[in-house]
Amino acid sequence: MSQFDAIFQPLAINKLTIRNRVISTAHAEVYATENGMPTERYIKYYEEKAKGGIGLCVCGGSSPVSIDSPQHWWSSVNMSTDDVIPHLQNLADAMHKHGAHIMIQITHMGRRSRWDGGNWPTLMSPSGIREPVHRATCKTIEPEEIWRIIGDFAKATKRAKDGGLDGVELSFAHQHLVDQFWSPRVNKRTDEWGGSFENRMRFGTEVLKAVREAVGPDFAVGIRMTGDEFHPDGLNQDDMKEIAAYYDSLGMIDFFSIVGSGCDTHNTLANVIPNMTYPPEPLSTWRRASAVW
Ligand SMILES: Cc1cc2nc3c(=O)[nH]c(=O)nc-3n(C[C@H](O)[C@H](O)[C@H](O)COP(=O)(O)O)c2cc1C
């Protein structure tokens with residue numbers, strides 16, 4: 001028995017049995033072409049991983065559910081339209097043929113984007129505060145828009161299911177729109193979407209409810225979340241554990257995928273996407289590198 005044997009044990013997620021624990025986590029491939037459709041090049045990129053024996057790929061890092069979360073800059077998969085379904089079917093077939101499973105990460109990025117991409121929409125955030133990395137101006141999101149985007153998450157999840165994918169990973173990570181609501185440093189609202197812990201969690205809760213209503217209990221649905229915002233006035237690891245426990249207690253999710261840091265400043269971005277000069281230090285030392293905004 002070697003110390004790596006566990007990697008080759010099957011992993012159960014909802015009704016799925018993943019053949020091993022080798023997983024490709026969501027990353028923006030910048031490969032979806034033709035208005036956000038995952039065509040041949042995209043599929044081949046994942047099929048090679050399946051051929052190599054991987055258990056699960058979470059594709060489509062940060063794939064938008066709504067027209068006002070610009071897809072253009074990252075060439076991510078456009079999950080806001082039914083046009084994507086046949087392409088997802090091709091992708092699912094290519095993976096399943098080799099015994100691998102495939103899910104997609106879906107999101108609304110809120111203020112975390114450029115202002116001039118794709119359909120040129122107005123970016124939105126809980127309280128209209130700009131993100132230091134992209135620096136785009138954004139408006140304060142209105143309740144009607146919140147409810148429309150909650151519906152968009154449900155529709156996108158249904159598209160993933162109809163396209164034969166094995167599940168979705170909801171991005172509540174990297175200070176995208178859902179976790180922008182979590183953080184009091186970004187969410188200054190005084191209505192039912194801000195203030196108390198439960199109010200700040202409400203957007204994510206409603207997304208989960210809508211998603212489950214759209215796809216039922218047997219489709220694998222998980223959350224990717226940040227382990228620590230790494231800001232002195234941000235959500236720390238204890239806060240994130242409390243948030244994870246809260247969503248877990250609702251009984252609607254099958255897995256959590258935790259990513260080390262948020263990325264709404266340049267220094268925290270370097271925690272998530274380190275460049276080749278980044279020192280190979282333990283995570284505990286990264287906190288010192290984080291910027292104060
Ligand atoms: C270029 C690049 C793009 C990424 N895009 C995403 C993304 O869209 N969504 C996401 O959840 N993580 C994204 N990640 C983070 C990776 O999934 C992964 O967590 C990170 O590279 C650290 O690896 P580790 O979690 O195994 O330590 C990205 C990483 C890289 C290098």
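This one's a predicted model, so the numbers in the text were calculated from it and none came from an experiment. Read the numbers this way: they start at 1 and go in the same order the structure lists the ligands and their atoms.
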### Query
Would a 4.0 Å cut-off, counted as strictly less than, catch a protein heavy atom around atom 27 (O) of ligand 1?
no
#### Entry: hydrophobic_cluster_shared for L56 and Y42, side chain cutoff 4.5 Å
no
### Message
Taking a cutoff of less than 4.0 Å between a non-hydrogen atom of the residue and any ligand atom, is E169 in contact with ligand 1?
### Response
no
### Task
Just need the protein heavy atom nearest to atom 21 (O) of ligand 1, so name the residue and atom and give the distance.
V272 O, 3.8 Å
### Task
Measure the distances from the heavy atoms of S171 to every atom of ligand 1 and state whether one is below 4.0 angstrom.
no
### Query
If you group Ile, Leu, Val, Met, Phe, Trp and Tyr by side-chain heavy-atom gaps below 4.5 Å, do M103 and V178 land in one group?
no
### Message
Just to confirm my output: which protein heavy-atom neighbour is closest to atom 16 (C) of ligand 1, and how far is it?
### Response
A26 O, 3.5 Å
### Message
Protein non-hydrogen atoms only, distance under 4.0 Å: does atom 23 (O) of ligand 1 have such a neighbour?
### Response
no
### Task
Examine the side chains of T268 and T265 and answer whether a donor and an acceptor come within less than 3.5 Å of each other.
yes
### Residue-ligand contact A173/ligand 1, heavy atom below 4.0 Å
no
### Between D264 and H134: side-chain donor-acceptor atoms closer than 3.5 Å
no
#### Entry: atom 29 (C) of ligand 1: the protein heavy-atom neighbour that sits closest, reported with distance to 0.1 Å
I273 CG1, 3.9 Å
### Task
Determine whether the side chains of T122 and K139 contain a donor N or O and an acceptor N or O closer than 3.5 Å.
no
### Message
Within the 4.0 Å heavy-atom shell around H174, which atoms of ligand 1 are there?
### Response
10 (C), 11 (O), 12 (N), 13 (C)
### Query
Going by the angle between their ring planes, with limits at 30° and 60°, are F181 and F203 parallel, tilted or perpendicular?
perpendicular
### Residues, nucleotides or ligands: over 12 heavy atoms within 6.0 Å of K15 NZ
no
#### Entry: 4.0 Å protein heavy-atom contact status of atom 19 (O) of ligand 1, strictly under
yes
### Message
Out of all atoms in ligand 1, which are within 4.0 Å of some heavy atom of Q105? Include the element for each.
### Response
7 (C), 8 (O), 9 (N), 10 (C), 11 (O)
### Query
Looking only at protein heavy atoms, which one is nearest to atom 5 (N) of ligand 1, and how far off is it?
A28 N, 3.0 Å
### Message
Taking 4.0 angstrom as the limit and counting only heavy atoms of S62, give me the atoms of ligand 1 inside it, by number and element.
### Response
7 (C), 8 (O), 9 (N)
### Task
Could you walk me through whether R212 and D254 pass salt bridge (Lys or Arg N to Asp or Glu O under 4.0 Å), step by step?
CA-CA 11 Å; R212 274 294 169 217; D254 301 308; 2.9 Å; yes
### Query
For S183 and Q175, does a side-chain donor sit closer than 3.5 Å to a side-chain acceptor?
no
### Task
Quick one: look up the protein heavy atom nearest atom 25 (O) of ligand 1 and list residue, atom name and how far away it is.
R224 NH2, 4.1 Å
### Task
For atom 9 (N) of ligand 1, state whether the nearest protein heavy atom is under 4.0 Å away.
yes
### Message
I need the single residue from E169, H176, R224, H174 that forms a side chain to side chain donor-acceptor pair (under 3.5 Å) with T107. Which is it?
### Response
H176
### Summary
Within 4.0 Å of some non-hydrogen atom of V259, the atoms of ligand 1 are 19 (O)
